[in-house]
4 protein chains.
Amino acid sequence: MAKNHEQKKEKIIEAAGIVFSKKGFHQAKMDEIAEMAKVAKGTLYYNYSSKSKLFAATVTQGLNRIMEAIEENIESDLPFQEHFHGILSTLIRLYISNSEVTRIYANEMSSGIDDEVLVEIKNVRKKFNAFIETQLKLGQEKGYFRPLPPHLSAMAVIGIIDTLCSHYLEDPEHDTLEEITDTVYTILSKGLAQI
Amino acid sequence: MAKNHEQKKEKIIEAAGIVFSKKGFHQAKMDEIAEMAKVAKGTLYYNYSSKSKLFAATVTQGLNRIMEAIEENIESDLPFQEHFHGILSTLIRLYISNSEVTRIYANEMSSGIDDEVLVEIKNVRKKFNAFIETQLKLGQEKGYFRPLPPHLSAMAVIGIIDTLCSHYLEDPEHDTLEEITDTVYTILSKGLAQI
Amino acid sequence: MAKNHEQKKEKIIEAAGIVFSKKGFHQAKMDEIAEMAKVAKGTLYYNYSSKSKLFAATVTQGLNRIMEAIEENIESDLPFQEHFHGILSTLIRLYISNSEVTRIYANEMSSGIDDEVLVEIKNVRKKFNAFIETQLKLGQEKGYFRPLPPHLSAMAVIGIIDTLCSHYLEDPEHDTLEEITDTVYTILSKGLAQI
Amino acid sequence: MAKNHEQKKEKIIEAAGIVFSKKGFHQAKMDEIAEMAKVAKGTLYYNYSSKSKLFAATVTQGLNRIMEAIEENIESDLPFQEHFHGILSTLIRLYISNSEVTRIYANEMSSGIDDEVLVEIKNVRKKFNAFIETQLKLGQEKGYFRPLPPHLSAMAVIGIIDTLCSHYLEDPEHDTLEEITDTVYTILSKGLAQI
DNA sequence: TATGAATGAGTATTCATTCAT
DNA sequence: TATGAATGAATACTCATTCAT
């Protein structure tokens, strides 16, 4: 019953995503994850040897899924301006719809997690940063972007998206997703200043 | 001796700032704070009735101190462009030099803290956001800034600063503070795109 | 093995009865109960979610056991006088032989226990009072007892038994159980005064 | 200012009586007593070297006051029956009006108090028991009471009064003081059985 | 005499992890 | 493979007592 087993692992990751994002790493309880996944607590440990490992698996799988989705959604034969707008729009949409994972990414890289596991998570993060960085370098080469340090620009992009999307998720009634996207796009491409 | 007593409270807040910023709220231990402040654990509770209250006092005092410093450092009779550059530069400098507090601000608004206390902290945060928002509105009125939603722009400003400064603090050798400040200023005022 | 588990719960209740009766609710320590039951402290909490709940379970189970024993021991087809004597004698015997529980019942209904739990305990108490009250009403209907307020009479019965049995338990050498029983029976049925 | 000082000690005892009776020995906090007495906590220790000593002083003073009041209120030249009724009535009245002390007496002789202090309290108790015992012996000598063991009868008297008065104090609306007094008198003098 | 800030030993409770079944 | 009862180390918080002023 390999399928059955994989399904169970998937159910656990899904439950973990929900609980970790709602409570953060330290406040999330293995009991609650087990209950939400409808498995016994022992089963968690049967599949993931510790809370940290389960956390790492949750974040890693989640971010990889998001990155795959981004790559699928990018059409690179558009004019660069539209290409860039498309990336931001995709990023924001996926950030919102995968909020269980992105919230974790945003808030819970703090200490108290096994170093070994922390390294694993930081690597996925780097992969994510590198992806943005690549896009920015592309823009620079094409002469569309200013020659700013790409790794700092990449972080700026992520920082803006992270902050505005977190704000949106806290109170989705307050602003529309278009406003968020437009604001992000305008600031990043043209800046706050006019003329 | 009232002075002596106030000094002790100050020593506690200072120790709390260090420990909370290093470990985060849930991983910070009252024992460690007491030890670092060189007082008995009971003294912590004699002065702050709970861990949450101590946390709130630490963050509130810290952010208020930063806001005062910002206001003292702003020269508002400069041309707006330079005025804005000055604000960003001051913000970044204070963010870095008060890292014990700003790290907390950035990472630990998550759940698990008394609601009552959480509200107090969120209020200081709002005060901070409002300050940035006011500056942006001023720029819009002067015709210097585009008419973007000010509260979203304010968050974008904070998001960029937060992300880049956190990055700087994680590895201060990697980039200089000028690079950080320039990147923040350029992106925010002119955007990534050229022409 | 369910049996094993039930045995462990029983061992805990037994230990709790001994410690609570010796120390009272607030002075009883969970550590001591765990040690006496030969389980880890966590096991106490795995089975009873708090000290209050464990206390409630101990008292409730104990009083229910006593009430069952009383009902089994009453022969109601005797002449009423002997029937009443039998009840008192049974009550006293069970009070003494279940002293871990009755001592708690007598001394520890005071404050400091969760309200929810306190209510539970008071309900078992009411059940016990109601039982005595029923017997007294029966005696009144049969014309054997004076028409005194039954709930007050019931409390008087319990009060006398409680006081004399506590006295007996404090120093069992001093008086015999027969003397106690005779005194209780004589006072309650005929009063102190003669003729 | 000896007077002033004595007044302060009196204020402390009074506050202690209220707090001990409401919370019991272990749940009563020195802080609360100090606050209620409107003195600093240090002052408690300046006058009574420990919590146990303060407790002992509270109980001893209280019971002595009650015993004095009883002796003042007894008219011994009445017919014995009325004399006995008078004693019970006085006892009940004083039990109710000195509930802070009598509640302590009833519920808090349990463990956890310094042995030395416990002995002191038990001695006052014995004095109180002895007083009742003397009255009962008098009744026996006068041929009014049956020849039951006087120390057991005395405890029975105290047990009934204690239980019914505690019940009255818990819910003073439920029964009148006359009903209580009549029930106690009838049961004790004539018993529950009629003819 | 009186104060109240400071102390630290003592306690209920939590929760990741283990392991017999 | 899966379970869930059992564990015990870890931790926030309490409060009688002390003592410098």
Side-chain angles (χ1 to χ4, degrees), chain A residues 1-2 4-5 8-9 12 25-35 39-55 114, chain B residues 1-2 4-6 8-9 12 26-34 37-54, chain C residues 1-2 4-6 8-9 12 26-34 37-54, chain D residues 1-2 4-5 8-9 12 25-35 39-54:
Chain A
M1 299 278 138
N4 210 328
H5 182 215
K8 195 162 278 187
K9 286 190 82 165
I12 291 173
F25 179 75
H26 294 297
Q27 287 314 95
K29 309 302 169 209
M30 292 300 265
D31 276 288
E32 194 182 347
I33 295 173
E35 195 186 13
V39 298
K41 201 170 13 165
T43 309
L44 258 47
Y45 285 88
Y46 185 78
N47 288 285
Y48 302 93
S49 61
S50 73
K51 189 185 179 184
S52 288
K53 287 268 174 50
L54 174 56
F55 183 66
D114 296 53
Chain B
M1 212 132 292
N4 210 329
H5 184 211
E6 283 311 311
K8 197 159 280 189
K9 287 190 81 165
I12 291 173
H26 293 297
Q27 286 314 96
K29 305 304 168 203
M30 292 300 266
D31 276 294
E32 191 181 350
I33 295 174
K38 282 174 191 153
V39 298
K41 207 184 343 178
T43 308
L44 258 47
Y45 285 90
Y46 185 75
N47 289 286
Y48 303 92
S49 58
S50 72
K51 188 183 178 183
S52 287
K53 288 266 175 50
L54 174 56
Chain C
M1 211 132 298
N4 211 329
H5 184 213
E6 282 311 310
K8 197 159 279 189
K9 286 191 82 165
I12 290 173
H26 293 296
Q27 285 315 95
K29 306 304 169 205
M30 292 300 265
D31 275 295
E32 193 181 347
I33 295 173
K38 281 174 191 151
V39 297
K41 209 183 340 177
T43 309
L44 259 45
Y45 285 89
Y46 184 75
N47 288 286
Y48 302 92
S49 59
S50 72
K51 188 182 180 186
S52 287
K53 287 268 175 47
L54 173 57
Chain D
M1 298 278 139
N4 210 328
H5 182 213
K8 194 162 279 190
K9 288 190 80 165
I12 290 173
F25 178 76
H26 294 296
Q27 288 313 95
K29 310 297 169 211
M30 294 299 265
D31 277 288
E32 192 181 348
I33 295 173
E35 193 186 14
V39 298
K41 200 169 16 166
T43 310
L44 258 45
Y45 285 88
Y46 185 77
N47 288 284
Y48 302 93
S49 60
S50 74
K51 189 185 180 183
S52 288
K53 288 267 174 50
L54 174 56

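Just so it is clear: chains get the letters A, B, ... in the order the sequence lines come, proteins before strands, and each one is counted from 1. Scope of the values below: all heavy atoms of this structure, side chains included, with no hydrogens, waters or symmetry mates.
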request  = Round to a whole Å and report the spacing from NZ of K8(C) to P of dA20(E).
outcome  = 13 Å
task = Using atom OH of Y48(A) as one end and atom C1' of dA2(F) as the other, report the distance to the nearest whole Å.
result = 15 Å
task = Measure the distance from NZ on K53(A) to P on dT17(E) and round it to the nearest whole Å.
result = 10 Å
ask   = For the atom pair OG (S50(B)) and OH (Y45(B)), what is the distance rounded to the nearest 0.5 Å?
value = 7.5 Å
task = Figure out the CD1/P separation between I33(C) and dT11(E), and round it to whole Å.
result = 12 Å
query = Could you state the OH-P distance from Y46(A) to dG4(F), rounded to the nearest angstrom?
reply = 16 Å
task = Output the distance between atom CG (L44(D)) and atom NZ (K9(D)), rounded to the nearest 0.5 Å.
result = 11.5 Å
note = Separation between NE2 (H5(A)) and OH (Y46(A)), nearest 0.5 Å, reads 6.5 Å
ask   = Nearest 0.5 Å, what's the NZ-CD distance between K41(D) and E32(D)?
value = 12.5 Å
key: Spacing of I33(C) atom CD1 and T43(C) atom OG1 [to the nearest 0.5 Å]   = 13.0 Å
ask   = Between atom CG in L44(C) and atom P in dC15(E), what is the gap in whole Å?
value = 17 Å
inquiry  = Base contacts versus sugar-phosphate-only contacts with protein, heavy atoms under 4.0 Å: please encode nucleotides 10-15 of chain F as B, S and - from 5' to 3'.
reply    = -SSBBS
ask   = Name the stems that DNA chain E belongs to, where each is three or more consecutive Watson-Crick or G-U pairs with both distances under 3.5 Å?
value = E:2-21 with F:2-21
inquiry  = Which heavy atom of A40(D) sits nearest to which heavy atom of A34(D), and what is that distance?
reply    = C-CB, 4.2 Å
task = Considering non-hydrogen atoms only, spot the tightest contact between K51(D) and H26(D) and give its length.
result = NZ-O, 3.7 Å
message = Taking 4.0 Å as the cut-off, does a side-chain nitrogen or oxygen of N47(C) come that near to OP1 or OP2 on dA6(F)?
response = yes
Integer-rounded Å distance: dA2(F) P and K9(A) NZ = 10 Å
